[in-house]
Amino acid sequence: MKLDRIDLKILTILQKDGRITNKALAEKVGLSPRPCLERLRWLLKSGYIRSISAQLHPQKFANPVTVYAHVALASQDRHLQERFEAHITQIEEAVDCAEVSGNTDYLVRFLCPTLDDYYKITNDLLENDRLGVRRIDSTIVLRSVFPQRPLPTSILDRALD
């Protein structure tokens, strides 16, 4: 089954308001509640929607430190990469990780209670010989200009091609 314009409307609305009722969602996309709910269930089952959750505002809980870490491994060995990836997924403060091109192998976003906590994490990564971390270049975020945005409609529209 392919996505259509109604599916894209549902996805766009849910990105902005995951708490919307099915009845209100159905009205906004021009469907009755039952077909809207069936589409929503299909979108979930098909993996278009990863999860529906609350996006918390970190500064309401503390004043956490956000750091982007550019991680370079000692080699491009696939087993080394797999070990690093398995390890980094176990670090709760690592909230996002991507394999990248360029002078480093990974870009990891850490959200830590303090700078000292981040220091401990990076020391552990560097001292663990099994991971083969050669270098970590850190960029500390001074302030967020805006929070993470929903997927752009231009990307959603490409699903119709």
Side-chain angles (χ1 to χ4, degrees), residues 3 7-21 25 39-161:
L3 293 175
D7 295 323
L8 296 184
K9 277 185 177 178
I10 291 170
L11 293 171
T12 300
I13 292 166
L14 286 175
Q15 283 190 106
K16 294 177 183 158
D17 182 8
R19 294 184 60 199
I20 190 169
T21 65
L25 180 61
R39 282 178 182 256
L40 179 57
R41 286 179 177 155
W42 179 81
L43 290 166
L44 281 160
K45 183 180 173 190
S46 300
Y48 288 101
I49 300 172
R50 191 179 312 166
S51 69
I52 298 174
S53 61
Q55 189 176 37
L56 305 181
H57 195 296
Q59 280 68 28
K60 291 288 186 179
F61 298 94
N63 195 17
V65 177
T66 302
V67 181
Y68 288 91
H70 302 262
V71 179
L73 300 182
S75 76
Q76 300 294 312
D77 178 68
R78 191 66 208 150
H79 296 294
L80 188 61
Q81 291 173 317
E82 289 170 359
R83 274 197 304 274
F84 174 79
E85 290 173 14
H87 185 84
I88 202 75
T89 61
Q90 300 303 310
I91 300 173
E92 184 180 28
E93 292 83 1
V95 295
D96 191 19
C97 180
E99 185 177 8
V100 296
S101 64
N103 295 331
T104 58
D105 300 300
Y106 294 93
L107 178 62
V108 185
R109 182 167 55 102
F110 288 96
L111 191 58
C112 298
T114 67
L115 197 51
D116 191 48
D117 291 307
Y118 173 71
Y119 178 77
K120 289 173 187 171
I121 290 168
T122 56
N123 269 353
D124 290 344
L125 289 170
L126 289 164
E127 291 174 0
N128 187 334
D129 292 334
R130 286 188 34 79
L131 300 177
V133 175
R134 181 173 44 89
R135 188 181 81 249
I136 300 174
D137 295 326
S138 303
T139 303
I140 299 170
V141 174
L142 299 176
R143 70 180 178 91
S144 178
V145 177
F146 57 83
Q148 181 177 333
R149 292 180 173 169
L151 285 179
T153 54
S154 59
I155 290 176
L156 294 176
D157 287 343
R158 296 283 311 251
L160 297 177
D161 295 345

Evaluate side-chain contact (heavy atoms from CB on, under 4.5 Å) for Tyr119 paired with Asn123, printing each intermediate quantity in order. CA-CA 6 Å; Tyr119 178 77; Asn123 269 353; 3.1 Å; yes

Please step through side-chain contact (heavy atoms from CB on, under 4.5 Å) for the pair Leu11 and Leu151, ending with a clear verdict. CA-CA 9 Å; Leu11 293 171; Leu151 285 179; over 6 Å; no

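Atom CD1 of Ile136 is separated from atom CG of Leu126 by 4.0 Å, given to the nearest 0.5 angstrom. The line from CZ of Arg109 to OG1 of Thr66 is 7.0 Å long, rounded to the nearest 0.5 Å. Between the OG1 atom of Thr153 and the NZ atom of Lys9 there is a distance of 13.5 Å, given to the nearest 0.5 Å. To the nearest 0.5 Å, atoms OH (Tyr106) and CG (Leu125) are separated by 12.5 Å.
Of all non-hydrogen atoms in Leu80 and Ser75, the two that sit nearest each other are CD2-OG, 3.6 Å.
Applying the side chain to side chain donor-acceptor pair (under 3.5 Å) test to every pair with at least one member in residues 126-145, sequence neighbours left out, gives these pairs: Tyr118-Ser138, Arg135-Asp137.
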Could you pull out all donor-acceptor pairs under 3.5 Å where a side-chain atom in residues 40-56 meets a protein atom, sequence neighbours excluded?
from	atom 1	to	atom 2	distance (Å)
Trp42	NE1	Ser46	OG	3.2
Ser46	OG	Trp42	O	2.9

Sequence neighbours left out, cut at 3.5 Å: what donor-acceptor pairs do the side chains of residues 86-101 make with other protein atoms?
from	atom 1	to	atom 2	distance (Å)
Thr89	OG1	Glu85	O	3.4
Thr89	OG1	Ala86	O	2.8
Glu99	OE2	Gln81	NE2	3.3

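Between Lys120 and Asp116 a salt bridge is recorded (basic side-chain N to carboxylate O distance below 4.0 Å).
Side-chain contact check for Ser154 and Asp157: no donor-acceptor pair (N or O, by modelled atom type) lies under 3.5 Å.
Partner of Leu73 under the side chain to side chain contact (heavy atoms under 4.5 Å, CB included) criterion, out of Leu131, Asp105, Thr104: Asp105 alone.
In terms of modelled atom types and a separation under 3.5 Å, the side chain of Thr114 and the main chain of Asp117 share a donor-acceptor contact.
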